[in-house]
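Input: a single structure, listed below in structure tokens.
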Amino acid sequence: MNADLLAGLNPEQLRAVTWPAKSALVLAGAGSGKTRVLTTRIAWLLSTGQASPAAILGVTFTNKAAREMQTRLSAMLPVNTRTMWIGTFHGLCNRMLRIHYRDAGLPQTFQIMDPGEQSSAIKRLLKILDVSDEKFPPKAVAAFINGNKEAGRRAGELSAHDSYTRKLIEIYAAYDAQCNREGVVDFAELLLRCYELLSRNAALAEHYRNRFRHILVDEFQDTNLLQYAWLRLLAGSDAALFAVGDDDQSIYAFRGAEVGNMRSLLADYGIEGPVRLEQNYRSVGNILTAANALIEKNDGRLGKNLWTDAGEGEPIRLYEAYSDGDEAEFVCDEVKALVREGWNLSDMAVLYRSNAQSRALEHALVNAGLAYRIYGGLRFFERQEIKHAMAYLRLVSNPDDDNALLRVINVPARGIGARSVENIQTLSREQGVSLWQATCGASGGRSAGKVAAFVLLIEELRAKVELLTLAEMISLIIDRSGLRALYEADRKEGEERLANLDELINAAAGFMPDDPAQEMVEFLTAASLEAGEHQADAGSDALQLMTVHAAKGLEFDAVFVSGLEEGLFPHENSLNDSKGLQEERRLMYVAVTRARKRLYLSSAQSRMLHGQSRYPIRSRFVDEIPQELVHELAGKKAPQRAPAKAPWLTEAMPAWASPKGGDYGGFHIGQSVGHAKFGIGMVVSAEGSGSDVRLQINFAEHGMKWLDLRYAKLTAQ
DNA sequence: CCAGGGCTGTCACTA
DNA sequence: ACAGCCCTGG
């Protein structure tokens, strides 16, 4: 059996798999068989009797990776994977917190807030604290709270010299108090709470340390400080911490990932050096040479050079479009040509830096009649109808969940408007009770009867919990809440929403809880932690569209990397920052290494962004790829009204600056104009031609406006 | 006081 | 293109 397991591994892979029972760092390049090494390592540990399944802890970042590990493992060995703990950081922490909820100071049915729910909880809190959400934008508050939690810091441990930060700390403390009151935890809290549970409870930590002798971590470069601390706590001084990662693919600094954890691991566990997996089984030589050349520009790398024995392959194709629309059409044309040659649509992917870019592509794809699928668009559990139904379910599970109550108290509209809700909130604050309790006591006011009806609805649902299956419960919720009627009346989107709700009932019917008594809570938890789970029709043959981030870990025969422009990729927020730029370069490295056979790089000379035309220059990353690997494709002729390349556009000029000289309905960029209402202003950009021209004008008194020349009366000054 | 329709500002990546 | 806000009629 051993021989079978190890057959076909290359020497480095073999060295990693059969590494002795001590800590290790495996530096696994893109396409180097990382998942295979991880799963074979576990299988090897089990089959050689070095470890029992219960001694294995496998940690990943995505549910998909966790599931893949489990399926591959059960294909290799007849093991009972149930006693093995394999899951995501969040999933595993959740599991521990559910078991030890009392020690962790949580209600048994605690619920998990996704970022959207966290944001609404923060907005609600700011209102209660009477803090201006202009001075303290909810996004910034969330970033402050999450950033500190990810570094393991509670509000009580923080101090500040400036009043602004002091206020943030105050908000952080109040936020935690609110979450505790409502019995909810956010994503970062899941980890921090679990870390605190283990670090404060020596007996418990000892129990898990004795159990998990082998801790295997996937995508280690993406761990943040707290996750690494959590791993160290569980590993203690004896367990083998087997970490697999690639510092060149670290692209999650924005959510707290610390590439430095890789060096820390080497130092903290006295590991002499990483095992390097450099043979690539995915891409042709030219693609790897390009990737190697690109990433070499970064410093502080652990260092690695991908190679293949697959041959050079085709040159990398480069296309410079005159506009985002032209770029999209180019992609469509090439895709069609490849399909004619016999390639599968689903083996091709279009990658972009930011989601906003997908629109121009979609438009062109629809026109070209090509099937496509967008990854990470609106996910199943993020749809409003699903969120509504789930909020009812949460309320049934835990009526003190204020977020859930606020979401559905007036959905469908039942005559409990903003004013009534405000009254209930005031009541709850005055009496120090949850919104639900306040709602039950809200007998006064104009909508008292309507509030009473809502209370009755929830109580009716709660009374049936013991009698119904989960699927029946959800079905009842959809009917009795009026959601079904609401969407039946909606001619435009109702049908699709009803279908999604039916799909939710199906999902509930097929749900397999670990503990049937906790089915509802487990279902809600799974929905929060597996937000990206239900992607639409995965089976159909469709072109794949996604962000570079979403593409990590995936591979395709042909890959289009689009929007290679300064300010877009690399993103403008990273342009002036060396660390940020290096992260962007790693992102580009990830994008390039997704391709097996053919790689296209494209850019546009003009692009609509934030409602304005921009005239960017080509991304530096294109130039960092050796010329001899690249074949530049001839572009179309730009039509008259679209400006040709704008070489005079430098970083000193604002990004929205347009080329001078163009005539737009008798006006030109840079011209001073007068308007009856807005006064004097300057034309800063324009779009359209002939009689259909819109000008963007910066008015001295009234700021930036877009005006349509057909309606606006402008005078030259 | 509530519901629904039009308007304005915004838009990096995510478990 | 979408969400959040304001305005209007009931």
Side-chain angles (χ1 to χ4, degrees), chain A residues 59-66 87-94 112-116 118-120 123 133-134 137-139 142-143 146 150 186-191 218-219 222-224 227 250-257 351-360 362-363 375-379 381-382 384 410-423 445-448 450 486 490 525-533 546-552 563 567-575 580 583-584 586-588 590-591 607-612 614 703-706:
Chain A
V59 193
T60 65
F61 273 87
T62 66
N63 293 294
K64 197 178 160 213
T88 63
F89 278 101
H90 294 90
L92 293 166
C93 287
N94 172 65
I112 300 163
M113 285 190 292
D114 67 25
Q118 182 186 34
S119 164
S120 44
K123 282 178 196 159
D133 58 2
E134 287 193 4
K139 260 176 100 170
N146 294 336
E150 279 156 10
D186 57 49
F187 279 176
E189 181 72 23
L190 225 36
L191 291 159
D218 190 16
E219 306 276 17
D222 288 337
T223 54
N224 61 34
Q227 287 161 337
S250 163
I251 55 174
Y252 285 108
F254 68 88
R255 66 172 197 216
L351 310 185
Y352 34 80
R353 177 66 181 85
S354 56
N355 275 313
Q357 286 167 253
S358 69
R359 223 192 303 151
E362 277 186 84
H363 182 74
Y375 264 79
L378 199 50
R379 290 151 174 178
F381 282 105
E382 287 168 358
Q384 68 153 40
N410 199 31
V411 176
R414 51 172 69 90
I416 309 174
R419 200 50 206 260
S420 303
V421 172
E422 221 167 276
N423 290 338
R446 283 175 61 141
S447 38
K450 289 155 181 172
L486 174 73
D490 180 354
T525 302
S528 304
L529 292 178
E530 301 196 25
E533 211 44 35
M546 66 193 83
T547 63
V548 181
H549 282 92
K552 186 160 154 223
L568 195 60
F569 196 178
H571 194 270
E572 56 190 336
N573 295 356
S574 308
L575 284 179
E583 171 125 341
E584 296 285 318
R586 290 193 290 270
L587 204 48
M588 180 67 181
V590 168
R607 182 175 297 277
M608 283 294 283
L609 208 63
H610 306 154
Q612 304 171 349
R614 295 182 178 219
M704 209 68 95
K705 305 270 183 221
W706 273 102

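Computed from a predicted model, the values in this text were never measured in an experiment. Below, read A as the first sequence line, B as the second, and so on, with proteins coming before strands; counting in each chain starts at 1.
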Inset, instruction - Would you indicate what A/Tyr252 reaches in the nucleic acid, counting non-hydrogen atoms under 4.0 angstrom: base, sugar-phosphate, or nothing? - result: sugar-phosphate
Inset, instruction - With sequence neighbours excluded, tell me which residues meet side-chain contact (heavy atoms from CB on, under 4.5 Å) with A/Asn224. - result: A/Glu150, A/Leu226, A/Gln227
Legend entry - Atom pair distance, as rounded to whole Å: CG in A/Asn423 and P in B/dC1: 7 Å
Inset, instruction - Compare side-chain N and O positions of A/Ser420 against OP1 and OP2 of B/dC2 and report whether any pair is under 4.0 Å apart. - result: yes
Inset, instruction - Using only side-chain N and O atoms of A/Asn355, determine if any of them is under 4.0 Å from OP1 or OP2 of B/dC11. - result: no
Inset, instruction - Report the distance from atom OG1 of A/Thr223 to atom CZ of A/Phe89, rounding to the nearest 0.5 Å. - result: 6.0 Å
Legend entry - A/His90 vs A/Val421, nearer the 5' end of DNA chain B by closest nucleotide: A/Val421
Inset, instruction - Could you check whether A/Phe254 gets within reach of a base, just the sugar-phosphate, or nothing at all, counting any heavy atom under 4.0 Å? - result: base
Inset, instruction - Side chain of A/Arg419 only, please: which of B/dA12, B/dC1, B/dA15 is the nearest? - result: B/dC1
Inset, instruction - In whole angstrom, give the distance that lies between atom CG of A/Asn63 and atom P of B/dT14. - result: 15 Å
Legend entry - A/Val411: partners by side-chain contact (heavy atoms from CB on, under 4.5 Å), with sequence neighbours left out: A/His388, A/Leu483
Inset, instruction - Name all residues meeting the side-chain contact (heavy atoms from CB on, under 4.5 Å) criterion together with A/Ala66; count only those two or more places apart in sequence or in a different chain, and write none if there are none. - result: A/Thr60, A/Ile86
Inset, instruction - Identify which nucleotide among B/dA15, C/dG4, B/dC13 has an atom closest to any side-chain atom of A/Thr62, counting heavy atoms from C-beta outward. - result: B/dA15
Inset, instruction - Return the set of residues passing ring-ring contact (aromatic ring centres under 6.0 Å, His included) with A/His571 (not counting sequence neighbours), or none when no residue passes. - result: none
Legend entry - Set of residues satisfying side-chain contact (heavy atoms from CB on, under 4.5 Å) with respect to A/Lys139, sequence neighbours excluded: none
Inset, instruction - Classify the nucleic acid contact of A/Glu584 as base, sugar-phosphate or nothing, counting any heavy atom under 4.0 Å across all strands shown. - result: base
Identify the pairs formed between an N or O of the protein and an N or O of nucleotides 3-6 of chain B at a distance under 3.5 Å, and give each distance.
residue	atom	partner	partner atom	Å
B/dA3	OP1	A/Gly415	N	2.7
B/dA3	OP2	A/Asn410	ND2	2.9

